[in-house]
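Atoms considered below: every heavy atom in the structure, side chains included; atoms not considered: hydrogens, waters and symmetry mates. Throughout, a chain's letter reflects where its sequence line sits, starting with A, and its residues are numbered from 1.
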Amino acid sequence: MLQYLLTFVVLGQPATPPAAGADKPAAEQSQPAEKAAAGDKKPEAAGNPCDKNAPRPANKPKKTLPPVGPRTDIGAGTYWMPVANSDMAEHVDGLFLAILAISIFCFVGITIAVVYFAWKYRHREGHQAPESDAHNDALEITWTIIPSIVCVIIFLLGWKGFVDLNTPPKHAYEITVVAEKWKWSYKYPNGWVDENLHVPVGEPVRLVMRSKDVLHSFWVPSFRVKQDVIPNRYTKIWFEAKTPGVYRQYCAEYCGDRHSFMKSLVVVHPPGGFKRYMEEAEQALLDMPPVELGEYLYAARGCNQCHSTDGTTKTGPSWKGIFGETHQTSAGAVKVDENYIRESILDPTAKVRAGFNPVMPTFKGQLKDEQIDGLITYIKCLK
Amino acid sequence: MATAATTIDSSGAPPEPSYLTVKRGFRNWIVTLDHKRIGVMYLIGITTSFLLGGVFALLVRTELFFPGSQIVNEAQYNQLFTLHGAIMVFLVIIPGLPAALGNFSLPIVLGAPDVAFPRLNLFSFYLWCTGAALMLLSLIVNAADTGWTFYTPYSTTTGTAVVPAVAGAFVLGFSSIFTGLNFIVTIHKFKPKGMGWFQMPLNLWGIYSTALLQVLATPVLGITLLLLLVERIGRIGIFDPALGGDPVLFQHFFWFYSHPAVYIMILPAMAVMSDLITTFSHKHIFGYRFIAYSSVGLAALSFLVWGHHMFVSGQSKLASMVFSALTFTVAIPSAIKVFNWVATLYKADITLKTPMLYALSFILLFTIGGLTGIFLGALNVDVHLHDSYFVVAHFHYVMMGSALIAFLGALHYWWPKMFGRMFNERVGQVCAVLVFIGFNTTFLPQFVMGARGMARRYFDYDPEFTRFHQVSTIGAFLMGITLVVSFGNLIYSLFRGRRAPRNPWGGTTLEWQAPSPPPLYNFYAHEQPVLYPIYDYSDLYYDEKEGGWLRRADAKPEDEAYEP
Amino acid sequence: MSSAAHDEGAHAGHGHAESPFIQHHFDDGAHQFESGKLGIWLFLGQEVLFFSALFVAYIIYRHNHPEIFEYAHRYLDVRLGAINTGVLILSSLSAAWAVRAAQLNQRRALIFCLAVTLLCAFGFLGIKYVEYAAKIHHHTLFGKRFAPHEAPDGTEIEQPDGNPGKDAKGQPTAKEPLNTVGGVKAQPIEGSKGPPPGTAPVVPGDPSASKEEPASAQAGVGVLPAIEAQKAAGAKIDTESSARPPPNTGMFFTIYFLMTGLHGLHVLAGVFVFIWLLWRAAKGHFGPKYYGPIDFAALYWHLVDLIWIFLFPLLYLIA
Amino acid sequence: MSDPTHESGYDDHTHSDMGHVASKRVLLGTWGTLMVLTIVTVTASRVDFGASELNLLIAMVIAVIKATLVCLFFMHLKYDKLFHSVVFVSAILLATLFVSFALMDSNQYQTDVYWQQKDYQPTSDVDKSYPVLQPY
């Protein structure tokens with residue numbers, strides 16, 4: 001018991017964590033195992049294309065991404081603060097310690113005054129309360145002015161830091177963060193979605209965040225950034241990591257049962273490491289079986305906004321059972337086959353189906369061939 | 001309350017029975033219009049709610065002793081901390097000082113027979129009971145798990161019993177409004193002759209500014225919770241983002257009330273402490289006007305600063321800047337009060353009785369609470385510290401460390417007057433010191449833990465915080481046991497306590513001229529209170545036989561203290 | 001709440017020299033009256049703040065989405081609103097007159113004025129019932145329940161389940177092709193701030209919204225040129241004739257029902273208070289020495305009228 | 001904020017009884033003006049004053065005039081103790097403070113708000129993303 005009290009109050013050295021040794025990233029909390037894009041499967045000849053977990057052809061082993069390293073921010077910070085991994089973090093620490101110094105000075109001063117007065121003027125035989133005036137305006141004015149000045153200074157420093165915190169540089173690298181009940185997902189510009197945030201070192205990164213259901217809050221203690229994530233609204237933060245490593249990220253706004261498990265890791269890659277990781281992610285993306293890739297793109301690329309898969313007509317025709325049918329289009333009757341779908345993706349206004357408007361945007365240059373094949377297979381399988 | 005209360009005065013038997021014994025029976029207590037009985041009923045309700053809330057706190061702390069699940073799973077843990085928060089805020093600490101002790105002391109300190117509207121006072125107590133019943137209903141059915149802040153859209157989509165909890169808080173809001181309204185009219189219209197605004201004890205200044213806050217801020221809580229109820233049941237879409245609503249708007253509505261609410265909690269505490277410190281320093285208060293003006297100033301400024309709860313919750317940069325600047329203006333009156341209290345201790349004649357020990361620990365804990373508020377007021381530091389354990393420690397220092405310790409101090413201060421019995425001084429003093437130690441053991445580590453990255457309302461935490469949680473849990477149990485012992489000491493005094501004199505502590509305010517416990521209309525017909533200059537202790541002397549303080553002016557010729 | 005309002009005013013209780021209704025702890029009738037007056041004024045201050053949150057919601061949602069308010073307020077009947085305002089002002093007059101009558105000890109005038117106030121209150125609630133019934137009939141309710149069959153000016157609205165709307169006379173209304181486009185909402189009238197409804201806003205200088213967010217942003221971008229083309233061709237697209245109301249129009253009716261509903265509840269509470277006062281006036285309780293309850297109930301009633309004076313232009317008279 | 005009352009806690013009343021008696025002329029006059037102003041505000045709303053804010057401003061000015069009339073004459077604030085006006089006006093000031101701060105903030109972040117939430121079905125169908133409506 002005494003040892004506990006001493007460690008944090010008196011000795012003042014950072015309390016070493018009880019569980020020594022590397023803290024495995026996916027160890028004790030039920031951190032979801034590092035999920036590569038596709039589940040692992042037994043190698044076998046390609047079966048029916050519509051079967052999502054059809055055995056993979058032998059020659060193409062499933063590409064898995066390198067696992068995330070252990071956390072490097074445990075016990076690395078000062079006594080009060082976790083490790084400061086961005087220059088803004090330095091400002092925050094500086095102001096924090098300044099206010100801490102002022103507070104300790106005031107608190108110790110008041111404590112000494114109270115204890116001393118309580119002892120010196122304690123009630124005892126023959127002790128009368130000596131004469132003293134009931135008010136002293138000069139004293140009152142001084143101890144109003146001085147705290148006001150200190151407060152104004154602290155406010156200004158705090159505000160300056162806050163402005164820096166909220167004005168990202170123009171060339172920041174952008175990642176979309178989607179928070180939903182008890183899971184973070186990070187969408188990178190190349191379409192790859194990951195459970196952990198991968199950022200390059202030394203480059204400003206900007207997060208555009210939104211929530212799918214309730215309020216969450218993106219908090220990385222090492223970068224001293226925190227911002228609530230609100231449904232139906234984009235909220236934005238930015239930071240620039242200074243040292244490579246793996247840092248813990250938390251959800252700070254209460255969001256339900258597994259609020260305390262809704263955390264992920266921020267992996268700061270050394271120079272060049274981030275680019276390599278993104279390329280591997282790109283490959284992993286294309287490595288799924290075509291029908292799963294098609295389904296993934298149907299959601300990720302927003303086809304679900306205009307095309308439904310359950311028969312209801314939305315802005316565009318439904319894909320359910322459409323493959324093989326012939327329909328009237330602006331350029332005569334057309335059988336819906338591979339090249340009609342490929343053409344409609346790349347040049348939507350060529351053959352517009354009757355009764356629908358030519359409002360589909362073109363995806364030329366945005367979808368690779370494997371992705372278009374994936375979509376075609378997916379549409380083919382929608383019976 | 002079967003205490004045969006007598007007051008020690010010349011004629012032996014008291015001319016009138018005390019308010020406790022004038023009409024016996026449960027029925028008489030339920031329909032009483034007497035502010036003292038209503039105060040005692042509030043006190044019983046509030047102390048039981050406090051012990052219930054404390055049990056939830058200890059359950060939360062036991063759960064957090066090790067990472068991972070110990071005694072409850074995550075859903076139950078969320079229900080536990082929500083109930084701990086809701087019960088402590090709405091049931092204990094907002095009505096605590098104003099309704100329980102304020103109801104008892106206000107009319108006597110004014111020398112008035114009762115508050116302005118006795119039936120409205122009883123109606124407020126019934127509202128409090130209905131609110132408490134609704135909260136218990138939510139507890140029994142499927143306790144709400146939204147946190148005491150009920151943030152949407154979680155509170156409108158979760159499956160737990162949020163409606164009874166919100167309805168309970170809605171009803172408790174009106175109990176608070178009518179109490180505040182009652183007190184403002186009483187202070188305006190029932191001041192005795194010779195007691196102008198600046199001859200009033202500082203306790204009344206605190207109660208007056210609290211009452212202003214209760215009347216002008218609580219209705220916004222009422223409408224906010226009403227909107228939340230209608231949103232949750234009727235899906236009207238005012239806070240629902242899918243229907244065009246705005247969850248941040250709910251936070252504006254909620255915090256517009258809830259920041260004045262934290263001043264409803266602290267202002268009566270400061271008020272009582274001013275009286276306590278001057279009584280036990282046996283010396284006039286230092287800077288009466290500055291303390292009075294800072295009370296009213298705090299009440300006014302508390303309406304301007306609610307945005308500092310929302311720096312990172314989607315509030316715009318401009319609004320955050322404005323609120324941060326205004327938040328620092330609120331720090332100044334609090335600092336003035338603390339400096340004036342310490343100045344009162346200078347050249348005093350201090351007796352360290354139990355209430356004074358609570359008062360001194362109040363000064364120290366409130367100083368820490370106030371100073372840590374400065375950390376959270378600075379914008380970029382708050383971005384890191386918001387929703388972390390630093391905030392948990394800050395508001396526990398201000399709410400529990402200041403408001404609740406002041407409640408205990410005031411309870412010990414007025415206990416002889418309320419029940420005519422003296423509690424055991426030694427036990428009281430030891431409990432006061434142990435509560436101070438236990439409190440600091442519980443919440444000092446949380447400051448460090450919070451700054452290091454421990455988020456708030458977490459059921460499970462990363463292993464590097466284990467040591468801090470363990471120390472905090474030990475402190476929590478120490479404090480819990482000490483509080484139970486101190487309440488036990490008070491209750492024990494009801495049956496075995498020494499008879500209380502009229503003025504056990506040597507106070508100069510009017511309540512110490514009333515017999516303890518006072519009769520139904522506070523003063524005997526032939527003994528109307530005499531208004532002496534405020535906080536003037538020169539005329540008081542301690543009389544061994546009486547066991548309390550007497551005034552030389554009242555001394556009979558045969559007493560040795562008699563001076564022509 | 002209101003039961004407490006009259007509670008602090010009148011304290012029937014054991015007698016005192018002056019009037020049977022002076023409480024023992026008051027010095028005299030004037031002291032009780034003054035205390036009651038301050039109490040009711042504090043209660044009115046509290047009521048103002050109770051309604052303030054609704055005014056905040058109104059102003060914020062109107063400032064950010066003016067097209068909803070301009071479109072939806074035409075469902076309200078200004079004539080009924082004006083009549084209601086007149087009724088409440090008349091009841092305010094009769095309430096004030098009742099106070100005068102009580103002060104001058106004119107018992108019959110007092111009873112008459114209280115009766116008039118009550119009649120006006122019932123009239124107000126009756127008109128409110130008519131308005132609410134019309135709203136329920138037209139399905140213009142709050143939140144998701146806002147699914148009216150016809151636009152404010154009577155033309156049919158295409159239902160979300162896709163069947164083309166019919167105009168007042170039942171024939172399928174011939175619509176420009178643009179209106180049948182499902183997901184696209186009508187282009188609001190020019191000059192309205194805020195993002196065009198129905199399309200994810202392309203935040204200026206915020207590349208993420210368009211580049212990274214697939215789907216709706218791109219779909220939205222794809223649609224806008226079509227509308228621009230239509231507008232360039234000179235066709236005036238305004239909301240009246242277009243088929244579909246702006247998105248989330250239910251928000252206007254959320255605020256409408258909240259404000260008028262809460263106000264209506266306060267009118268109802270006032271009705272109970274006035275019935276109780278009418279009964280006591282008939283028994284001759286009030287006179288120049290003791291008329292507190294009448295005065296305080298009248299003050300409460302004036303506040304209810306005051307709130308309606310602000311509600312009427314805000315909800316009904318949006319040009 | 002505080003109004004130093006006399007010692008006895010209530011002031012001596014100069015009128016025949018406790019409160020001020022409003023004359024018939026004042027009552028009817030106020031009532032007439034209120035009715036006229038109502039008609040004015042209704043007709044003013046039909047005239048298009050260009051920007052929609054102007055209409056709102058005019059309607060609000062008329063409403064404030066009507067409100068002050070009701071306060072001063074019907075509610076006797078003109079002849080009453082000052083503290084009652086202080087209470088009422090401070091309540092209104094707090095309400096305006098609440099409105100202005102909330103509007104200042106909400107106006108700032110509106111550009112980030114979007115309604116076409118991809119994951120919600122369009123508002124017309126049932127929101128599958130919400131759990132079934134709980135009884136309480």
Distance, nearest 0.5 Å, that separates CZ of A:F117 from OG1 of B:T344:
10.0 Å
Segment of B:T372 engaging chain A (4.5 angstrom heavy-atom cut-off):
neither
Please flag which part of B:Y537 lies under 4.5 Å from any non-hydrogen atom of chain A: side chain, backbone, both or neither.
neither
Report which part of B:F390 has an atom under 4.5 Å of a heavy atom belonging to chain A: side chain, backbone, both, or neither.
side chain
Check the pair A:V92, B:V383 against side chain to side chain contact (heavy atoms under 4.5 Å, CB included), reporting the backbone distance first and the verdict last.
CA-CA 9 Å; A:V92 168; B:V383 163; over 6 Å; no
Examine whether an atom of B:I285 lies under 4.5 Å from a heavy atom of chain A, and if so say whether it belongs to the side chain, the backbone or both; otherwise answer neither.
backbone
Is it the case that the side chain of A:D257 and the backbone of B:E74 share a donor-acceptor pair, with hydrogens and angles ignored and the cut-off at 3.5 Å?
no
Sort A:V115 into side chain, backbone, both or neither according to what part of it lies under 4.5 angstrom from a heavy atom of chain B.
neither
B:N73 versus chain A, the contacting section by heavy-atom distance below 4.5 Å:
neither
Tell me, side chain or backbone of A:L165 under 4.5 Å from chain B's heavy atoms, or both, or neither?
side chain
Do other residues, nucleotides or ligands put more than 12 heavy atoms under 6.0 Å from B:W148 CH2?
yes
Spatial distance of atom CD1 (A:I110) from atom CD1 (B:I363) [nearest 0.5 Å]:
8.5 Å
Taking the side chain as every heavy atom from C-beta outward, state whether B:F339 and A:T144 have any atom pair closer than 4.5 Å.
no
Is B:R456 in contact with chain A via its backbone, its side chain, both, or neither, using a 4.5 Å heavy-atom distance?
backbone
Check each atom of B:F81 against the heavy atoms of chain A and say whether the ones under 4.5 Å are side chain, backbone, both or neither.
side chain
Side chain, backbone, both or neither: which part of A:K120 has an atom under 4.5 Å from a heavy atom of chain B?
neither
Between A:S260 and B:D460, is there a donor-acceptor pair closer than 3.5 Å when you use the side chain of the first and the backbone of the second?
yes
Is the closest side-chain heavy-atom distance between B:P241 and A:I230 below 4.5 Å?
no
Between B:A331 and chain A, with a heavy-atom cut-off of 4.5 Å, which part of the residue counts as in contact: side chain, backbone, both or neither?
side chain
With respect to chain B, which residue among A:W119, A:W143, A:F223 yields the maximal number of heavy-atom pairs within a distance under 4.5 Å?
A:W143
I need the residue from A:T235, A:D133, A:D73, A:V152 with the largest number of non-hydrogen atom pairs under 4.5 Å to chain B.
A:D133
Contacts of type ring-ring contact (aromatic ring centres under 6.0 Å, His included), residue B:Y293, not counting sequence neighbours:
B:F198
Heavy-atom check, side chain of A:H127 versus side chain of B:D349, under 4.5 Å:
yes
Treating B:K317 as the side-chain partner and A:V163 as the backbone partner, does any N or O pair qualify as donor plus acceptor under 3.5 Å?
no
Distance check, rounded to the nearest 0.5 Å: B:I332 atom CD1 versus A:S148 atom OG?
3.5 Å
Verify whether the ring centers belonging to B:H384 and A:W219 lie closer than 6.0 Å.
yes
Given heavy-atom pairs under 4.5 angstrom as the criterion, report whether the side chain, backbone, both or neither of B:F459 touches chain A.
both
Does the distance from a Lys or Arg side-chain N to an Asp or Glu carboxylate O, for B:D462 and A:R71, drop under 4.0 Å?
yes
Between the side chain of A:N232 and the main-chain N/O of B:A242, is any donor-acceptor distance below 3.5 Å?
no
Tell me, do A:D213 and B:P153 make a side-chain contact under 4.5 Å, heavy atoms counted?
no
Could you work out, with salt bridge (charged side-chain N to carboxylate O under 4.0 Å, His left out) as the rule, every residue matching A:E140, not counting sequence neighbours?
none
Close side-chain approach of B:Y542 to A:H123, heavy-atom, < 4.5 Å:
no
Check the orientation of A:Y121 and B:Y346. Use parallel for under 30°, tilted for 30 to 60°, and perpendicular for over 60°.
perpendicular
Sort out for me which of A:M88, A:R124, A:K226, A:Q227 touches chain B most, counting heavy-atom pairs under 4.5 Å.
A:K226
Sort A:W80 into side chain, backbone, both or neither according to what part of it lies under 4.5 angstrom from a heavy atom of chain B.
both
Look at A:V83, A:V150, A:L100 and state which one has the largest set of heavy-atom pairs under 4.5 Å with chain B.
A:L100
Identify the two heavy atoms, one from B:H284 and one from A:S132, that lie closest to each other, and give their separation to 0.1 Å.
NE2-O, 2.9 Å
Determine, using ring centers only, whether A:H135 and B:F286 are less than 6.0 Å apart.
no
Could you tell me whether the side chain of B:M454 reaches within less than 4.5 Å of the side chain of A:Y250, counting heavy atoms only?
no
With a 4.5 angstrom heavy-atom cut-off, could you sort out which part of B:K283 is near chain A: side chain, backbone, both or neither?
side chain
If we define contacts as heavy-atom pairs under 4.5 Å, which of B:A455, B:G68, B:A451 has the most with chain A?
B:A451
Side chains of B:D387 and A:Y254: do they bring a donor and an acceptor to under 3.5 Å?
no
The test is side chain to side chain contact (heavy atoms under 4.5 Å, CB included); show your working for B:L364 and A:F107 and say whether it passes.
CA-CA 7 Å; B:L364 302 185; A:F107 176 65; 4.2 Å; yes
Can you find a pair of side-chain heavy atoms, one from A:W159 and one from B:S324, that are under 4.5 Å apart?
no
Answer key: most heavy-atom pairs under 4.5 Å with chain B among A:S103, A:G161, A:C106 is A:S103
